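Okay, structure first, notes after.
Just so it is clear, the structure is predicted and the values come from calculations on it, not from any experiment.
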Amino acid sequence: MSEVYAYIGSWGSPRDTEPVGVTTAVYDSSTGELHASAHCLPELNCGATCLDEAKGILYCVNERPEVPGENLGGQVFALKINKETGELNELHRSPSYGGMPSYCAVDAEGKYLIVSNHAQRNSILKTEQDKDGHFRIVREYDETAIVLFRLNEDGSIGEPCDIVRHTGHGALPNQQNPHAHSVMRSPSGEFFVVCDKGNDSVYSYRIDYSRERLVQCDQMKGMPGSSPRYSVFHPTLPVLYYNNETKPVIGVVRYTESGKLTPVCYVSCVEDDREVEQGMQSDIRLDAGGRYLYDLVRDTSTIVVYEIDPSTGIPLRIQSVPCGSTKGGRGLALSPDGQYLYLAAQPDPDVYIFRIGRDGKLTPNGKWTDIKPGNVTFMNI
């Protein structure tokens with residue numbers, strides 16, 4: 001009989017030396033409970049994970065500005081899943097070729113890994129002299145880069161074959177440089193979407209397999225000062241949803257298979273639709289059937305549930321439920337059978353469990369207290 005395992009990535013301040021790492025747990029479908037069975041890599045500040053199910057590899061980013069004694073910038077890990085026990089063993093680690101790697105995604109063929117490097121807001125002052133001999137002061141920020149890595153046959157991480165650097169800034173004082181925050185593969189695998197919360201943009205890229213290059217398909221500007229954070233694709237409609245870190249709205253976007261992005265509308269996360277300047281969202285998830293959308297709003301410590309119109313793809317808010325976390329939490333995950341939704345409640349050391357009703361609405365179903373969780377990933381073994 002197969003088991004379902006949950007991999008809980010712990011996440012803390014990127015400069016924190018307190019142990020974090022990844023916990024393996026067995027999923028109980030009758031109760032929604034998670035039963036921890038192993039823990040690994042306490043040095044890994046697990047900002048995000050992605051799965052290559054065919055090879056049984058969990059990829060994780062070590063979200064740090066640098067790793068003392070190892071390399072400048074953060075790291076990306078390839079962890080092999082033991083198909084007997086579900087436990088993880090390190091297969092390979094690589095520099096992420098940037099600071100604060102925030103997300104990763106595998107292409108549909110399992111040949112390439114894309115990593116987004118968020119970078120820091122810190123800057124340095126430099127002086128330079130122009131051709132007329134005049135000196136001036138300039139400010140330089142960390143590079144924000146999207147890195148394309150080759151993957152070896154065994155799932156280990158090869159050399160980077162392309163790096164794309166974002167430019168520009170947003171409307172807010174803390175948006176002085178780009179901050180690529182997430183990368184998501186489209187359902188067809190034809191392209192990827194990158195949300196950049198530093199320059200208020202949503203990008204689409206495809207992989208040119210013949211040249212091993214990332215090709216930009218489109219750059220769509222979001223609402224000024226919104227800070228696009230995470231995205232999710234509808235499984236059957238050509239619709240993309242993305243949330244924002246500094247505006248309480250979800251962006252609804254239509255796309256083509258060429259990666260063209262066309263904004264449709266914004267949907268409020270606020271219960272009475274009132275105008276609010278700021279409203280920090282965190283994670284966003286869509287059920288497997290594309291019927292219900294779940295958005296985590298940190299400012300109000302709530303999970304907002306939307307029903308998706310099956311013809312237009314437009315979300316209609318149907319519930320706002322307290323998430324249980326004192327500061328709103330960080331990550332959401334849905335169980336593979338669609339029965340439960342999980343909230344990684346960082347900075348609280350809890351995973352809150354919600355039962356999903358037939359109407360998509362959530363009912364609190366207890367919590368699991370053991371670690372400092374930031375994200376949850378499931379896999380059938």
Side-chain angles (χ1 to χ4, degrees), residues 6-23 39-51 57-67 70-79 88 90 93-106 113-122 142-147 149 157 178-185 192 194-198 227-232 243 245 280-285 296 298 325 327-333 342-349 351 371-377:
Y7 299 101
I8 301 99
S10 291
W11 185 92
S13 166
R15 295 186 182 276
D16 193 351
T17 57
E18 182 181 342
V20 275
V22 183
T23 299
H39 187 77
C40 70
L41 295 170
E43 73 272 23
L44 196 162
N45 192 43
C46 188
T49 65
C50 67
L51 270 173
I57 303 289
L58 182 72
Y59 295 98
C60 309
V61 293
N62 189 13
E63 191 171 344
R64 298 191 185 279
E66 62 179 341
V67 183
E70 292 201 35
N71 55 264
L72 296 173
Q75 295 173 309
V76 57
F77 283 69
L79 307 180
L88 301 171
E90 181 180 341
R93 68 176 70 182
S94 167
S96 67
Y97 289 83
M100 305 283 289
S102 53
Y103 221 81
C104 54
V106 181
L113 179 73
I114 299 179
V115 174
S116 59
N117 286 289
H118 178 280
Q120 299 186 91
R121 294 192 178 99
N122 299 343
D142 280 356
E143 179 180 277
T144 295
I146 313 301
V147 184
F149 290 91
I157 304 162
H179 295 297
H181 199 277
S182 63
V183 53
M184 189 67 64
R185 190 179 78 201
F192 297 80
V194 174
C195 289
D196 192 314
K197 71 179 194 181
S227 310
R229 185 175 172 91
Y230 291 124
S231 67
V232 63
N243 64 7
E245 190 166 296
M280 180 181 284
Q281 299 168 78
S282 189
D283 211 356
I284 186 169
R285 298 289 171 179
L296 178 56
R298 282 176 168 174
S325 172
K327 294 186 178 180
R330 191 170 191 274
L332 294 176
Y342 296 81
L343 165 72
Q346 200 281 338
D348 299 348
V351 175
I371 55 175
K372 188 165 58 176
N375 45 75
V376 182
T377 303

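For Arg330 and Glu63, the salt-bridge test passes: some basic side-chain N is under 4.0 Å from an acidic carboxylate O.
Between Asn117 and the options Val61, Val147, Val76, Thr144, a side chain to side chain contact (heavy atoms under 4.5 Å, CB included) holds for only Val147. Each of Leu58, Leu79, Val22, Val376 was checked for a side chain to side chain contact (heavy atoms under 4.5 Å, CB included) with Thr49, and the lone residue meeting it is Leu58.
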Determine, stepwise, if the pair Val20 / Cys46 fulfils side chain to side chain contact (heavy atoms under 4.5 Å, CB included).
CA-CA 8 Å; Val20 275; Cys46 188; over 6 Å; no
**Prompt:** Hey, mind stepping through His179 and Arg121 against side chain to side chain contact (heavy atoms under 4.5 Å, CB included) and telling me if it holds?
**Reply:** CA-CA 9 Å; His179 295 297; Arg121 294 192 178 99; 3.5 Å; yes
Pair Asn62-Val67, side chain to side chain contact (heavy atoms under 4.5 Å, CB included): steps then yes or no:
CA-CA 9 Å; Asn62 189 13; Val67 183; 4.0 Å; yes
Open item on the list: Using side chain to side chain contact (heavy atoms under 4.5 Å, CB included), reason through Leu51 and Thr377 one step at a time and then give a plain yes or no.
Closed with: CA-CA 8 Å; Leu51 270 173; Thr377 303; 3.7 Å; yes
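The structure places CD of Glu143 at 12.5 Å from OH of Tyr97, a figure rounded to the nearest 0.5 Å. If you take CG on Asn243 and SG on Cys195, they are separated by 7.5 Å, rounding to the nearest 0.5 Å. To the nearest 0.5 Å, atom OG of residue Ser282 and atom CD of residue Gln346 are 9.5 Å apart. With rounding to the nearest 0.5 Å, the separation of CZ in Phe149 from OG in Ser94 is 4.5 Å. Note that CG of Leu332 is 4.5 Å distant from CG of Leu296, once rounded to the nearest 0.5 Å. The line from CG of Leu88 to CG of Leu41 is 8.0 Å long, rounded to the nearest 0.5 Å.
Closest of all the heavy-atom pairs between Leu343 and Gly329 is CD1-CA, 4.2 Å. Between Ser102 and Ala48, the closest heavy-atom pair is O-CB, 3.3 Å. Taking all atoms of both residues into account, the shortest heavy-atom contact from Arg229 to Gln281 is CD-O, 3.3 Å. Closest approach of Ser325 to Ala345, counting heavy atoms only: OG-O, 3.2 Å. Closest of all the heavy-atom pairs between Leu113 and Cys104 is CD1-CB, 4.1 Å. The heavy-atom pair separating Ile157 from Phe77 by the smallest distance is CD1-C, 4.0 Å.
Using modelled atom types, one finds a donor on one side chain and an acceptor on the other under 3.5 Å when comparing Glu70 with Gln75.
For residues 39-50, every residue pair satisfying the salt bridge (charged side-chain N to carboxylate O under 4.0 Å, His left out) rule, not counting sequence neighbours, is listed here: Glu43-Arg93.
Without hydrogens or angle criteria, Asn45 side chain to Gly12 main chain gives a donor-acceptor distance under 3.5 Å.
Taking the six-membered ring where the residue is Trp, the centroids of His181 and Tyr103 are separated by 6.0 Å or more.
For Tyr342, the ring pair (Phe, Tyr, Trp, His ring centres under 6.0 Å) partners are Phe378, not counting sequence neighbours.
Looking only at side-chain heavy atoms (C-beta outward), Pro228 and Asp196 stay at 4.5 Å or farther from each other.
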